[in-house]
Amino acid sequence: MDFMLKFIKNYETTRRNLNEKFTKFYTYNLRILFYRIFIRFKYTLLIKFHLINLFHNYLFISADIETYGYCNRSCEFCFNNPKFPQREKGIMPVSLWKKIINELSELHYFGRISPHFFGEPLLDKKLGEHIRYAREKCPDSYILIVSNGDLLDEEKFLELIAFGVNKFFITNYDDQSRLAIQQLVAAYPAYITVRQYTDFYKIDRAGIIFERGSSLTKPCLSLFGQLVINWKGEVVLCCMDYYAKYIFGNVQDSRIIDIWRNEKMSDYRKKLIKGIRESIEICKFCDYNGNIPW
């Protein structure tokens with residue numbers, strides 16, 4: 001009951017501060033919420049009853065599409081830190097972004113779309129254009145911006161919300177809270193969530209970040225629900241594959257659905273659904289719990 005009251009209060013506070021009409025605001029947000037709940041319910045059942053490996057025509061439910069390969073931070077628990085070998089960095093052409101979104105539209109995709117991988121999306125000067133195109137072509141998708149928030153102010157926030165962003169998920173990497181972000185949370189609580197970098201478990205990505213030597217045998221479902229495309233258009237294993245060691249195809253010259261259902265990707269899924277992580281180099285010491293990234 002308390003959760004529902006808080007949920008309603010957050011949306012109503014956001015609506016009023018945006019000066020949105022009641023019917024328009026809730027029609028749009030409840031439609032997006034319906035599809036989010038539908039996806040989660042469907043995949044939860046598939047996982048619970050161990051049917052996901054039998055469901056041959058499933059589609060990914062989250063798409064991480066990196067439009068900008070640079071970051072303004074170099075956190076110690078991230079591959080962007082100079083203590084790690086650096087990958088080639090660049091920017092995804094607008095034409096490639098549109099090709100990806102067009103194909104998602106043809107698939108009637110209504111899962112999550114996030115313009116990030118290891119780059120900071122708010123550095124991308126074309127981000128607004130990208131978001132607007134994605135919203136136009138995929139009207140029921142959930143568009144999530146995952147960011148450090150360093151470049152986020154109210155003007156940028158409102159611009160991207162108007163273009164079609166549904167949520168900002170901000171991680172504060174400073175020891176002190178930032179006033180500008182706090183003010184956004186107070187004014188638009190339904191559209192922004194903030195966490196402190198000290199408050200969450202840091203995954204040992206590919207066993208390289210912390211070298212904990214963890215060896216899990218539980219299934220990993222990332223490859224069943226998460227599509228990850230780097231700025232070059234390469235479809236990689238998962239969000240841990242910074243160096244693109246496992247490439248299943250490139251969306252510049254192949255269709256997304258063909259890559260998603262190709263034999264190579266299917267073979268990796270068979271290993272991961274059984275928890276055979278040691279057979280894949282970057283999975284061997286990865287301590288990600290294996291849940292589908294919603």
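Any value given below was found using the heavy atoms of this structure, including those in side chains, with hydrogens, waters and symmetry copies removed. Owing to the predicted nature of the structure, the values given are computational and were not obtained by experimental measurement.
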Exercise for review: For D124, enumerate each residue passing the salt bridge (Lys or Arg N to Asp or Glu O under 4.0 Å) test, keeping only those at least two apart in sequence or located in another chain.
Suggested key: none
Practice item. Only counting residues at least two apart or in another chain, list the ones meeting salt bridge (Lys or Arg N to Asp or Glu O under 4.0 Å) with R31. Key: D140
State, yes or no, whether a side-chain contact exists between [X] and [Y] at a heavy-atom distance under 4.5 Å.
{"X": "I61", "Y": "L227", "answer": "no"}
{"X": "L237", "Y": "S222", "answer": "no"}
{"X": "L122", "Y": "L152", "answer": "yes"}
{"X": "P121", "Y": "T67", "answer": "no"}
{"X": "L96", "Y": "I100", "answer": "yes"}
{"X": "I192", "Y": "V194", "answer": "yes"}
{"X": "M240", "Y": "I203", "answer": "yes"}

Review point. Residues two or more places apart in sequence or in another chain: which of them pass side-chain contact (heavy atoms from CB on, under 4.5 Å) with S74?
Key: P82
Can you pull the ring pair (Phe, Tyr, Trp, His ring centres under 6.0 Å) pairs that have at least one residue in [range], sequence neighbours excluded?
{"range": "residues 86-107", "answer": "W97-H130"}
{"range": "residues 174-218", "answer": "F157-Y188"}
{"range": "residues 13-35", "answer": "F22-Y26, Y35-F110"}

Grab the two heavy atoms, one from [X] and one from [Y], that are nearest each other, plus how far apart they are.
{"X": "K167", "Y": "P189", "answer": "NZ-O, 4.1 Å"}
{"X": "N81", "Y": "Q86", "answer": "O-NE2, 3.1 Å"}
{"X": "P115", "Y": "I145", "answer": "CG-CD1, 3.5 Å"}
{"X": "I39", "Y": "G111", "answer": "CD1-CA, 3.5 Å"}

Taking atom [atom1] of [X] and atom [atom2] of [Y], what is their separation to the nearest 0.5 Å?
{"X": "D253", "Y": "K99", "atom1": "CG", "atom2": "NZ", "result": "8.0 Å"}
{"X": "M265", "Y": "L272", "atom1": "CE", "atom2": "CG", "result": "10.5 Å"}
{"X": "C75", "Y": "N80", "atom1": "SG", "atom2": "CG", "result": "8.0 Å"}
{"X": "S62", "Y": "I113", "atom1": "OG", "atom2": "CD1", "result": "11.0 Å"}
{"X": "M92", "Y": "K98", "atom1": "CE", "atom2": "NZ", "result": "14.0 Å"}
{"X": "F79", "Y": "D241", "atom1": "CZ", "atom2": "CG", "result": "8.5 Å"}

Does [X] [atom1] have over 12 foreign heavy atoms under 6.0 Å away?
{"X": "K264", "atom1": "NZ", "result": "yes"}
{"X": "F77", "atom1": "CZ", "result": "yes"}
{"X": "K271", "atom1": "NZ", "result": "yes"}

Practice item. Anything under 30° is parallel, anything over 60° is perpendicular, the rest tilted; go ahead and classify Y242 against F118. Key: perpendicular
Practice item. Anything under 30° is parallel, anything over 60° is perpendicular, the rest tilted; go ahead and classify Y109 against F60. Key: tilted
Review point. Is it true that the NZ or CZ of R36 lies under 6.0 Å from the centre of Y142's six-membered ring and within 45 degrees of the ring axis?
Key: yes
Listed once per pair and sorted, the salt bridge (Lys or Arg N to Asp or Glu O under 4.0 Å) pairs that draw on [range], sequence neighbours left out:
{"range": "residues 188-209", "result": "none"}
{"range": "residues 81-90", "result": "E66-R87, E88-K232"}
{"range": "residues 150-165", "result": "R73-D150, D150-R178, K156-E159"}

Practice item. Go through the side-chain N and O atoms of E120 and N72 and say whether any donor and acceptor fall under 3.5 Å apart. Key: no
Review point. Side chains of T14 and R16: is there a donor and an acceptor less than 3.5 Å apart?
Key: no
Review point. Does E136 come within less than 4.0 Å of R132, counting only side-chain N to carboxylate O?
Key: no
Check your understanding: To which residues is L179 joined in a hydrophobic cluster, defined by side-chain heavy-atom contacts under 4.5 Å among Ile, Leu, Val, Met, Phe, Trp and Tyr, whether direct or through other members?
Key -> none
Check your understanding: Can you name the side-chain hydrogen bond (donor to acceptor under 3.5 Å, both in side chains) partners of Y133, sequence neighbours left out?
Key -> N102
Could you tabulate the donor-acceptor pairs under 3.5 Å formed by side-chain atoms of residues 275-286, not counting sequence neighbours?
residue	atom	partner	partner atom	Å
R277	NE	K218	O	3.0
R277	NH1	C286	O	3.3
R277	NH1	Y288	O	3.0
R277	NH2	K218	O	3.3
R277	NH2	Y288	O	3.1
S279	OG	I276	O	2.9

Exercise for review: Step by step, work out the side-chain hydrogen bond (donor to acceptor under 3.5 Å, both in side chains) result for R15 and T13.
Suggested key: CA-CA 6 Å; R15 181 189 72 83; T13 298; over 6 Å; no
